[in-house]
Structures are given as C-alpha cells and as structure tokens.
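Here the structure comes first, spelled out in structure tokens, and everything after it is commentary.
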Amino acid sequence: MTATDWATAVLMPLGALFALTGTIGMVRFPTLLGRMHASTKPDTVALVLILAGAAFQLPDLRSALPLALVAVFQFMTMPVLAQTLGRVAYSRGMVVSEHLVTDELADDLAKREAEEGRAAEDPRRAEAP
Amino acid sequence: MSAYRAPALRLLGRLPTVLWLTVMWAVLWGDFSPGTLVAGAMVGAGCYAAAKLPHLPVRLRFRPLRVAGLVGHIALDLLLSSVHMAYHTLLHPARVRGAIVAVPLRTDSDLLMAMVSAGLSLVTGSQTIELDREGGVIYVHGIPIHDESDVPKLRRSVLRTEEMYVRAFGTRDDIAQFEAAERELAGAGAAAEEER
Amino acid sequence: MNVLDYAMAATAAMLSVSAGLALYRLVRGPSVLDRTVSLSTVSVLLVSFIGLEIAYRGDTAYIGVMVSIALLGFIATLTAARFAERRAHDRD
Amino acid sequence: MNLLLAVPFLVPLLGAALTLPMRRAPRTQQVVSALTLAIVVAAAAALVRRTADGDVITSQAGGWPAPLGITIAVDPLSALLLLVSSVVLLVVLLYAIGQDIAGLSRAMPMVFHPIYLVLTAGVCLSFIAGDLFNLFVGFEIMLTASYALITQAPTRARVRASMIYTMVSLTSSILFLTGIALVYALTGTVNLADIAVKLGDAPPPLRMVLALLFLVVFGIKAAIVPMHFWLPDSYPVAITRISAIFAALLTKVAVYAIIRTQTLLFSRDDVSGVLLWMAIATMIVGILGALVQDDINRIMSFALVSHIGFMLFGLGVGTVAGLAGAIVYLVHHIVVQASLFLVNGLIRQFVGHTSLRAIRGLMAVSPVLALLFFLPAMSLAGLPPMSGFVAKAALFTAGADAGGWLLYTGIAAGVATSLLTLMAIFRIWVRGFWGEPLEDMIEARDQLRSQGMSGGRLLMTSSTAAMVAIGLALAAAAGPLTDFAFTAAEDLLGGGAYIESVLTGGES
Amino acid sequence: MLLPVILALHAATAVLLPPLVRLLGARAFLVASLPPALSAVWALSRSPGIAAGEPAEASVPWVPALDITLDFRVDALSLAMVLLVSGVGAVIFCYSAAYFRSDQAGLARLTSVMVLFAGAMLGVVTADNLFALYVFWELTSVTSFLLVGFDQRKDAAGRAALQALITTAGAGLFMLIGFILLGQAGGTYRISELVADPPVDSPLLPVALVLVLIGAFAKSAQAPFHYWLPGAMVAPTPVSAYLHAAAMVKGGVYLIARLAPGFADADPWRVLVLAFGLATMVIGGWSALRQTDLKLLVAHGTVSQLGFLCLLAGAGTHTAAVAAIGALLAHGFFKSTLFLVVGVVDHQAGTRDIRRLNGLWRSLPVTAAAAGLAAASMAGLPPLLGFIGKEAALEAFLPGHSPELPPLAAGLELAGLVLASVLTFAYSARFWWGAFGDKRAAETDIEPVPGTDAGGEDGAEPRIPRTRATPPSAVFLAAPVLLSLCGLVLGSLPGPADAIAAAYAAPYSDHGKPYHLALWHGLSTPLLLTAVVIAAGAALFRWREAFARLQGRAPRVISAEMGYHLFLHGTYAIALSVTRRLQTGSLPAYLGIILATMLALPGVRLVTALATGEVAVPSGGDGLRLWDTPLEGVVAAVIAVTAIAALREHRRFPALILLSATGFGIAGLFVLHGAPDLALTLILVETLTTIILVFVLRRLPATFSVRAPGWPKRWMVVLSVAAGAFISVSLWLMAAARTAEPISLGYEAAAEQAGGRNLVNTILADFRALDTFGEIVVLLTAAVAVASLVLLNRRHRVVDEPSADEEQIEEEGSRR
Amino acid sequence: MSGAPSLLLVLAVGVLYSCGFYLMLQRSLMRAVFGILLLGHAANVSLMLTDRAITLPPLLGGPEGVLSDPLPQAMALTAIVITFGVTTFLLALAYRVWLGDGNDEVPDDLEDRRIGRLQEPEDSA
Ligand code: NA
Ligand code: NA
C-alpha cells in the first residue's frame, strides 16, 4: 500500500457514502424539491471524491486530466439542471405549499397577477400601450 | 443589449464555448493530436451553429485571490451542507420543510446574476427557482428551514454569495454599481424586511 | 486482499445500493421530474462506477465512456426537463 | 481484391454517389443510373461465364486471409442470381425512367435514383457475401434502401403499409443479428465456410436449433407461411417500379439466403421435413389468399407468397435435382413477377387503379396490354411452353424421383396450387380483360390516342415488353439454364468447392 | 424430318396473320389453311412407309437435363390423327373464309389462335416424349380457352371458356404428374419406348395410370368431366367443328389409344376405360335426345361418341384397336360435317333451334344430303365408315372373342354398346329431322299458317310455314360435302383405313383371328345386332314424343356441371374463410405469429433437446456461474428493472426515461465486458435517439394508445417471455458448447502488422472495412429516407397518387 | 474456449428480449418502436455475451491480462449504428402515420379488413 493507494482507499468509499445518502434521500424525502436537494448535490460531491480517488491510481497527470475535466463538467452542468428542474417543478405546481415555511414567489406572482388584472379592467390603460 | 456587434467580436464571444467543446472532443477520443483538435473544433462549431447556443459576452474580470476564496468557500459549503443534508436524510426526512424567498440582487449584470444563481444551485440546501432579471430579484428555495426565523439567514447567505461573485468576477464598473445599489438598498431593505 | 481492495469493494457495494435506490425512484416516479432527477443520479452513479473501474484497472480506456455518459446524462436530463416544461398543461 | 467481384457492389454505390447531387440534371441522372446497371449486368454476365463449369471465385476484401477478413465468394448460384437480378433491375429502371419522362410519377427522382442503386448494391452484396455478418450488412443495405423506396410518394395507405413492412423487416433483422450471436457463441467465427467446418463438432441438437432459427429469420423475409402476412399488405401498395422490384427480387434474396445457409452451414442437419411442410402450407395458404382478392396487385402478391413454396419444396427435396429445380424456379419467378407487376403498372396508369371491381374489357381497349399480361400470366400458371412449366416440371420430377409420402404430398399440393393459380390468374383475365369495356376506359383510350404515343410511354411499354420477352427467352433457353442450375446445385450440395475455395485462398 | 419445320410454320403463320387479316379480311383464312394442308400432304406422302411399320421420327432438344425433349414419331395411329387434325383442319379453315365476315371484330386474333391451335394439335398427335406431349396438350387447352371465349364481350363466353380451361388444364396437371411417375417408373420419357417396354412391375404404375386417364378423360369430355363440352358451344361454329369434333376432344382418345398397347393389361386401366367410356356413351346419347339446339344436340352426341371412342381405344384388344381406328376416322369426318352443317343452317336460316326450323331440306338440298350422309354414318348405317367401325366394335366385345376380356364383362359391355347405339341412332335421326325435316305444328314454336288450324276435326294438323333460307355459296358448301363424302368413300373402300388400323393393332395378339375393316363380314352376330339397333333406334325416333315424356319423368342425371360449380364455390368459400381468419391485417398479430413460429421450430427443438438430455446443460465449475463479479448484479438489475418498468409504463415520456436508463445499464455491461468503444458508441447513439424521440414524442399524444392488440394480454406475456427465454437459453448453451477458439485470436498478430493498437478499431478500419463501409451506406440511406419522408414531402402530405379504392375502402370501413 | 456467460447476464438478456418482444406486439406505434430499441440492445448484448465479462479492453500494449474478444465488439458496433439509422427511419415513419391518421396506432390493413367482413366470396364464377 503506497500513499496514493491510501488516498484512494479513503476518498472512494467516502464518495460512495455521499452517493448512498443522496439516493437514500431521494427515496425518503416526501417532496420533489426535497428529493432534488438530497440527491443532485451530494452526487456531485460523491463523484468528485471518487474521481479524485481514481486519479490517484493513474500513472501520470496527463491521463488524470480527463477525470478533472469530467469533474469540472459536472460542476458546470449540475446547477443548470437544478435550476431547470426547480423552475419546472414550481411552474407545474409540484412544490407543495404545506412543506414550505414561506413562498414569496407565490406572493409576488399573485401581486403581479392582480396588477395585470387591474390593467385589463381599466380600458384606458389597456388601450394605452 | 450587447455591444459586441462586430462579427469578429461576436466570433470571439463564441470562442470559449467552441473551445470547451473541442476539449471535450479530444478527451472523448483520448487523443490531443492536431488532427483531433481540428476535427473537434469543426464539430464544436457545427454543434454551436446547430444548437444556436447563446454567446457569452466576456465582460468579466478574473481576480485570482478572490476566485480562490470563492472556490474554497463553495467547496467547504458543498461538503458541509452535504453532510448536513445526509444527517436530515437519515433521521427525519418527512419533517424537513423548505422556503422560497425573494431576494433583490444588487448587481444588474446579467452574467453575474446567472453566476450567482448557478452558484446557489450548486450548493446543497439552496437552489434558484426563478430569476427575474428585469426586477433583479432572485427566488431561492432553501432547505432545511425549520421556521420563519431561518428565513433571514437564508436571505443573508444569498446576499453574501452575490457579493463574493461580484468581487471575484465583476469589472470595475460592476463593482461600483454593486456598491451603489447596496447603499441604496441598505435602508429600503431594512424597511422591506419589517414589512414582511 | 489489501485495504485498497476492501475499499473498492465497499465503494462498489455502496454504489450498487445507490443504483438500486435510484432505480426505485426511476420506476416509481411518481412525476416525470422525479424520474428526471433519478436519471441524472443514475448517470452520475454510472460515471462513478467507471471511475471505480479506472481505479481498479489503472487503465484509462474508459475515460471516453465516462465523458460521454456525463454528457448524455446532462443532455438527457435537460431535454427531459425542458420537455416536461413545454407540456406543463397535460398530465404525464 | 478481384475487381470483377467488386463491381456488382461498388459500382452501384459509386453510381448512387454520383446521382445523389444531380437533382437539377434529371437526364444525366437517368443516364448515369442506367449505365451503372448496365455495367453491373456486364460484370454479372462475365461472372456467369467464369463459373459455368462450377468454379467458385473468391476474393478477400482488403487482402486479409480468410477467417480474419471478409470473404467475397461467387459460385454458380450467386453468379446466376446476380445476372438475373441486375437485368431485372435495369429493365425496371428503364420503365421508371419512361414514367418520369412521361411525367406520370410522383416519386422523387433525386431520391429514387441513388436509393435504387443502393438497393442494387445491397442485393448484390447479399448474393456475394461469404461472411455471415457481411451478409447481414448486405441485407441491411438492401432493406434500408427498400424502406426509403416503399415510402416514395407517401400516401396514407403507403405510410401504413410501410409501417407493417418496416416493423416486420426489423424483427427479421433483429433475429438475424441474434442468430449471428448464437453462431459466434458456438463456433467463434462468422466466415461462412469456416462456420461450416466448425459446426461439424457442434452438438447436433444445437446445430439444428440454429438451422431452424435461420430458416425463421430468412423465412420472414421470404414470406414463408405463417410468416408471410406482411407481404400482401405492403408490396401492392407501393408505386409500380418499387412493387415490381420488391416482388421480383427481395423475397428471392431471402430464398437465396435460405438456400445458402441450409446447404452450406447446415448440410449435416435434416430440416427437409420442416421445409416441406412449410412449402406445402405456403403454396396452399398463399394461393387461397389470391383467390379472394379484388386487386390485381394483391392477387399477384398472394400468388408470389404461394410460389415461394415451390422453391422451398425444391430445397426440401434435398437432392441435386430438387435444388436445381428450385434455382430454375427462382430465376423464372424473378422475371415473371417483374413482368406482371410492370404490366399492372401499365394498367394502373391506364385505368387509374388495379381493382377488378372497376376494370372490364381491357383487351378490347388495349390488345397490346392484353398480350403483355397473358404471356407472363401463362408462365406464372406453369403452362407450357413457358418457363414456369419447365421450372415446375423440374421440381415435380425431382420430387417424384426422390419419393416418399411427404414429397408426394408436396407434389399434390403443388398440383393443387398450380390449378388454383390458374383459376386466380385467369379470373383476372376473364373479369378484367374480357367483357364489355367500361365507358371511362374507352375514354382513356381515346384520350391516349389523341395524344399519341409519347417517348416516355413508349419506353414504359417497351421495357415491359422487354421484360416479357426475357421471360420468353428464359423458356427458349431453358436447356442451358437448367444445365447451369444443375451445376450450381451440385456445387451447393457438394459443399467442398465453396469451402475449399474460401479457406485455401482461391483467387485474390 | 419435316415435321418440326411444319410446326414452326404454324407458329410463324400465326404471327403473320394479324397484318394479313387487315389486308385480306376473312380470306386470310385461306392463307391460314396452308400449314395444316401442308401437314396433311406431308402425312399422305409418308403414309405408305408408315403403314408398312416405318414410323417417321425427329427430335429437337429443349431441356435435356430434365429429359424434356421435343421428340416426334409418326406411326399409324399418329398418321390417322394427323390426317384428321390437319386435313379436316385445312378444310374447316377454308369454310371459315366463307363463314366469317371480314368486319368481324377480333378476326385477326381468331385466325392467329386457330392456326396456333392447329399446330399444337399436330404436336399432340406426333409427340413421342411425355413432356412434349404435355406441352402441346396444354397449348391446345390455352388456345381452346381463347377460342371458346372469342366472343369475349359476352359474360357467358368467358365463363364457359374458363370452365373448359379449368377442367382440362386442371386435369392436365394430374396427367403431368402421371407422366412423371410413368417416366420415373419406366426410366424414360419416350412414349414409344415406354409402350414397347412398359414398367409393369412398378408399384406406382396404377397411380400413374389413373392420373393419366384423368387428364385424358377430361380432355375427351368423359363423364364426369363431360359438362364442359356443351358449355364450350358458345364458340363460333367453325371453331366447334374443329376443336370439339375433329381435333382437340380427340386428344384424350388419342392418348388412350397411344398408351393402350403398353398399359391396357395393367390395373386399373381396362376397368376404368370400359366403365367410364360406356357411361359417357349412354349419358351423352340420353341427353342428346333432349336437346332442341342443333349445336347442342351435336355436342351431346359428341360426348356420347367420345365415350364410344375411348372404350374402343382403351379396351386393349386387337379387334377393338382396329375398330378404334375405324370409328376415329369416321367420327372425325361425320362430326365435323354435322357442325359445319349447323353453321350453314344457322348462317342461311338465321336459327339453329329445332323448334324454329321446318322443311329446310327443300331450300338447302345439298346441305341436307351431306347432313344425311354424316348422320347415317353416325347412326352406323352401311355403306358408311361409321357402320364399319361399329361393326368392328360389336365384334370386339362379343363374349369370348378376345381372351383379354372376361366373357361376363364383354357381355355387359356389349349390351351397353347396343343400348348406346340405339340412342345414337335415335339422335342421329333427330338431328336430320330437326334440321331439315317436315314437322307438325305441335313439335315447333312456329306460328301456324293462318286458317289451317280449322281443320282439326278430320285429324289433320294445322300447317306450319317452311323456314326460309338463302342458298349458301359453293365455297361454303364445299367443306361439309367434301367431309361427308370422305365417310362414304372410306366406307365403301375401307382399304386405306384398314391398312392404318392393321398397322396400329399390330402389337396386339389377334389370337389367330385377324379382324379387318370391311363392309361385309358375312352374316355375323354384329350384323344382327346392327339390325336390332336400327330397328330399335327407328322405333325410338318414331315414338319420340312418348320417349320425351319418359325422359321428362325420369330423374335428372346428376349433373356433373353441378359438381364443377360445387368445386368452384367450395374452393372460393374455403379460400375466403382461410384468408379472413389468417390475413387479419393486424401487425401485432403478424409479429406474434412470427414469434410463435420461432418458438414452434427452433424453440421446440431446444426444449426436446433439453428434455431428452441430448444437449449438456453446463453444471458447476466454469459453465454454471451466478456472476463473474457482483457488479453484474447491479448492471443486470438496472437493465431488467428499467426494461420491465418501461413496458408497464403507459405514459410515453416516463417510458422514454426508463429506456434511457436501460441504455445506461447496457453501457455499464459493456464496460464490465471490456468494451469501452462499444459503451461509448452506445451512449452517443442513445443520446441521439433520445433527442430524436423527444422531438417526435412532443407531437404525439401524452399516453400510448391503449387499444388491445386483439388477443389476451397473458398470451402476449407468455409469448414474449418464452421467446426471450428461448434466445437467452440458446445463447447460454451455445456459448458453453463452443467448438473452436474464436478467430479473433488471430487479430492480435495481424493488428501489429496493420499498425493499430485498438483491436476493435483495427477490425473496423482494416479487417472488416467492408462492413464499416456498408454501415455508412446504411446510415446515409436512412438519412435520405428520413429526409424524403419528413422534410421533402411536407407539401403533399395526404393523398398524391391515384388510389380511388383507398377512399372507397376507407368509407366502407368507417360505415361499419 | 470461452465458457458460458454468467446466469445473471443470461437472465438480463432474456428479460431484454422478452420486454422487447412484448412492446413490439403492442398496438401503440411508440411502444413498438421502443420494443425495437430494446431488441436492438438485446441483440448487441447477445453478441457481447459470446465472450467473458471481466476482461481487459482489446487494446494492445495495455496492462497484462486477458483481452476481450474484439470481433463481437466490432460487429456490435456496426450493428448499433445500423439499428440507429433504421430506428430513426421507423420514428420518421411513425411520425408520418400520426400525421396521416392522427393517432399513435399501428393501423390494420384496410383491404384485409374489408375481406374479413365478407360472408360470401365475391366471385366464384
Ligand atoms: Na439441411
Ligand atoms: Na469481454
């Protein structure tokens, strides 16, 4: 066992552990957003740890470079996914309010709608634009 | 919205994306020979054209120290919040509640706003639901939020993240504008806080 | 077997269980977004598996696969989400 | 690589590449297509000459030795089928060109010409492939091209028909691939000759399973009962030039594959019982279907299914004579089906459709059409002195020679089928060609007369006539044809020549 | 030998005639008569030698590998037939020149086909190879089809033609099989060799003979196939005269006569021929007496006569053979005369209905005389050839005359023959009387002459007017006169006929009592019997009305035509019920049946192999392992669970996601298998497919169609699972039983030579570049196909080529 | 000699085929297409199973050990691409069916249905 082996031996199970808790969360959380929080992000951590562990087993830095690229890629794409999913989940009414302490987006939307409604009722303003 | 109308500059704006795709291509083939790179660049450009990806205006600065700080912060945050999340997952996931808060941002740079939004989404326990660019408001879902008292904490962490991004990547103009807005909002923000 | 082997076995075991759980969500849904989320998890797990494979064999032959799975996972998940958004009005 | 062997596959692809961009030069496109096929015909004729003594010409693609590289092999059977197919392809192409010149088709020339040539390449590759997987690739080229062709001028009916056609073909392809996997699992090779050798040590039951599986795989494409249902639902719906080629060639390529695999790979396994029962079922069920149809093209399609049974019967007999009969029948049937479908095309052009419910008195309005129909119809019914008679006589003689109750049953089924074919075919004649012509048909005739014969129509009619004439020529040349078929059959059942030529080099 | 040339001449003339008809009109028939005339002249010129036992032979090779050779051999029998076929043919062609009008529609076709027929018939009677005989035989069927259906605008013509074709060509197929069996048994297809050395020991011989006789019976309109002949009378009269009197219907008789010397003693030849011949003779005679249409009367008479000829030709004794030649020639002359006479009557008087003809002998005296001669010959009156033939026939069946015939059988046959001859006499008389005789008002439909019906009291009947007829031209009359005279001349001077008969009968033993065709054999039993026949026949004619009443009361003879219609209707009904059950039009059903077939063939074979232990199931050790690594469990679980979930999912989008996951699982499997390139390609392809699917799915409804595919779900489950199990178990067993090292071991060394590190890439780019090339072709073709389907055809999406039926069918479908 | 694949994988490939066949037998166009996709996977996996799992990628000059059999891989590669092309066509076709008929069903043949409704043969003369 060399030092690199030890590094791998630590990093990889740790990563796997994150992945495991993430997927457990994905199964156990009652809400969609909860499941997303619980899984997507620990997954990223898990992946980075495992890739780091794998990198230690490679002979040189050059062959490890692609692993780094994958990690960077994961960092770049994960938020995009998370945001898209969040927006869609919300717009589809899948965010259940009873699991929310507060929902300021709903408040703002209601406010905006009310304003637009007033605009529609007011003939002068409707013709104005 | 963009000042980069000149073709050459527009091309320059697209370069990072194409470059990125080229690198991925080379990795895919496991080969960084010139031929592969040229082919990758061509494929990348093709994909770019086909997908009509938006080109990024490179109106950024890069402050290495600040960036390093930011990365460190995010990494630590990521790790800790993941552990935190794991704890909730294993103990009582059914009781965990969240909140969606509206946070008015101080910067008006689209790019910075997007970066903040992404940065928030990267970290466990928070993620952007909606970004109102015109109003400069970001709606963030946070978890776990036990009660109303956790809400200001979430708001504050969003604002802190924003500041770190602006200071790491913003141009001098961006920072100036950010600070002006911060001053303006300092008072009004407090009032708003009370109103809620 | 040395510690490294045990570590790898443990990693494999945990990843496998994770895969099973993700699969459960993938199959059970209930919503398309749940499936989308678990699809993204499955793809991350696969990439992890391949990371394990690379570590185990000390060989980089699989890196291309890894990159493309990462890409696919991203594209597939994004497409799925976009799709779900576009058809927000009908039940899936 | 032997250049002559490469011509039937590569030249059409070259032609396809040339014709693809020629959307603005239709004449050039037509000339290039026709020239391409003419070259293939010439090459095939040369191959027939060179294999006439039973020689097998082989070549290793890329020069790699036999089991490693892909073998291209032409034995008498391949050469004969190459020649007949390329001739039929050329004549149908001329018909299509005539139709395009006359402005009577909705097919897109810019798609049709290149894809037609790709189809040619696929058909030719299937005939010359000496490698199981390469045969699969050849089949796929042919099938993909056929998918593109069957959807030409996509009406709703055609799209539906294509769906059935494509799904069934895909099923067959998947099972083919599965079969390749099984063969490789058992033998560790995909070279046909090599498989033939290595199957020798395989457990007989497993070999039998493979033999039957490949019978199913190609049986689907050959439309053997009970795997035939798709054919009458798809072929008749395509536009004429396509249904003519499909009816003439595609099922025959599958029959070729059955002959090749059963004689070369599974010569040790006796599936003749299964073959004969399937042959009997195919003959009878097919022709019963033809009797109740209303559309000439559908009648012909059911008859096509039915007559595949004859070829299967010849293979099932298991003797050189039986196989030779099957080969003669194969050649005869390619030509006669192409002729009939082209004539049906002329009818469709003339009357607007091919339903017997609304055709009457065609002979009175168009005696030429009547003659063009009558001759191949006679041949299909197996009436002398047409090629159909010779083919049938060859099969029955072989069956009687080999003897056994199953073969006699097969012969009885063959007789019944011939009688029912006669009824089906002459029903078309009596209902469609005889009788008082309908008003609109007389109008159509008068209109045509006033327009005069355009070059395009002339080409359509004369290429149909040429196809009919080729059928008559087959009858006249039945002697040499049968001799050649016997040579081919001896090669196939002897087995040694092919294997030896492939594994020990042959020419390269 | 000239014969093949003469045959070719027939064909060439047939090709040349259409333009000639345009030029010459009906006179082109005179040109058409040249080839048969030449043939007859040639036959006459060769007759001395042939009668002396030196047959003329020729051979044209066609398909030597199958023994299909156009062998020709003209011996005595053939000579008689050639003279009939070609001689009578030439005469009838000349008659036709007068019969048809030049503006007759389809005249060119008619002349052409008739000459073809003449050639084919010549071929039938001269062929010495079974296949060659069959070729010409069926050619006569086909040409006959075209001739019977000549008046193609009439539906009746088409039906009758088809009936005749199906009957004769259908039976001809049986005959072909009979020929093949005969040829196989005898080791040759040469007829002369077979007859000379018949394969009497072959167990297949009885079957072969029955099959051959079926063909011959159908062709010669023997019961129960006799229905087609009266039906075929829709043909123009010269055609009937030629085909249905002189030539084609003799084909069967000829074949029987041809084979009898070799096979008459073989079971069940004689029984069949004698029984069916006699039955036909009686049935034909009985129904001839009921006819009122002259042509139908002659047709039924022909049926009767054909029965007579068949039993003579097939009886297989010396005397019967001699009688056969006599009767054959006689029939050829008198029957064609009678048809031609009917033509003349029809042409000149405008009708051929007995009930509309009265006293025609006065206006057509010559015709009536010729008809009288012919009818007398048919009735068997001396000194005509018909009498000589009948005498010989009666002699042949005298009990004890020929040892080949058991006395009882001969006696029965003789009694039947006498009975049939009585009927023959009666219908012969009825013909002449019907055409030319003076009738009473009660026997006709003709309006009586006004004012003549008043005298009913004194028993005198009302007078009816005589039928008017224009006098026929000399050319028109020449043919019947000539042919009827032939019967008289040959009857009076039977020498030539006897020479031919003797030569034909030579192979039979005459048992010391050689029989010759002659007018006078002394006061013999046959002469007595002839007298009885004449007396009884005359009485039958005298009391024809009483007999007609009797016939009316008698149960109808079971019509064989009904049998034909039953066959036809039954066939169509079976065809419909089979086809509508099988050809359901449902793709799921088709695919299901394909799977079922796969299970029924290789599947069952595998199961039996496993059940009987023929194939070793890997057990323990290397063969039977749960896994190579536990990771396989993960991969297998991902694959199986997602795939099963995908098929349970009715919403399209979740199903797509599940499928993507399956794709991931398979990529994982490839990784485990050391196949990075494969995993990579799969993932890329999977991505593309997913994207395309999303594009398509976006436009389709949210859930899949839930309409059941038409059969119970559990069947589908069973079928799919069984099919899947079959394949996977096969794979398992075959991999375990691998017989040789994989050839890919050779790639390592070769790859170094090719300079590649990645073996898979080297295979794709080098060793199997042809496959890769093909793969690219497929991909490009598919791209073009997709483009032409989706992009290029956007403008005309719905219907763009004439398909009137489609709309109609669709309408009907929706109305359901 | 290679030996049989492990039971788990045999089972997996069996499930793939079964599911593919089951989907293929459905009336829904898209399910049929999915069935074909699964069957394509199944066939490629079958090719792979002719060789053992847990082998090294067929790269020369890599780590010591047993290399995978490259030939099934090469064939599966070709097959994947071919199946892809053809499946794409099938999808385009399904799309056209939908355009024409407005539903997601494999349509029955109309003429067959018409004949199926006949009680008496139309023509037995
Ligand atoms: Na065999
Ligand atoms: Na492997």
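Here the structure is a predicted model, which is why all the values come from computation and not from measurement. So that the names make sense, note that chain A is the first sequence line, chain B the second, and so on, each numbered from 1.
- For a residue to count as touching a neighbouring chain, one of its non-hydrogen atoms must lie under 4.5 Å from one of that chain's; by this rule L52(C) touches chain A with backbone and side chain alike.
- When the candidates L51(A), L58(A), I24(A) are compared by the number of heavy-atom contacts under 4.5 Å with chain C, L58(A) comes out ahead.
- Among A46(A), A19(A), P59(A), the residue with the largest count of heavy-atom pairs under 4.5 Å with chain C is A19(A).
- The part of L45(C) that comes within reach of chain A is its side chain, from C-beta onward, which places non-hydrogen atoms under 4.5 angstrom from that chain.
- Highest contact tally toward chain C, considering only L17(A), D5(A), L32(A), T21(A), is held by L32(A) [criterion: heavy-atom pairs under 4.5 Å].
- Of the two parts of T40(A), only the side chain, counted from C-beta on, holds a non-hydrogen atom closer than 4.5 Å to a non-hydrogen atom of chain C.
- For the pair V37(C) and R35(A), the minimum side-chain heavy-atom distance is 4.5 Å or more.
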Open item on the list: Is there a side-chain contact (heavy atoms from CB on, under 4.5 Å) between Q57(A) and L4(C)? Walk through the geometry before answering.
Closed with: CA-CA 11 Å; Q57(A) 292 296 310; L4(C) 184 58; 3.7 Å; yes
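- For the 3.5 Å distance criterion, the side chains of D103(A) and Y90(A) qualify, holding a donor opposite an acceptor.
- Counting heavy-atom pairs under 4.5 Å between each of A7(C), A55(C), S18(C) and chain A puts S18(C) at the top.
- For residues 8-15 of chain A, heavy-atom neighbours of chain C at less than 4.5 Å comprise T8(A), A9(A), M12(A), P13(A), sorted by residue number.
- The distance from atom CD1 of I50(A) to atom OG of S48(C), rounded to the nearest 0.5 Å, is 4.0 Å.
- Residue pairs meeting the side chain to side chain donor-acceptor pair (under 3.5 Å) criterion with at least one partner in residues 42-56 of chain A, sequence neighbours excluded, are D43(A)-T41(C).
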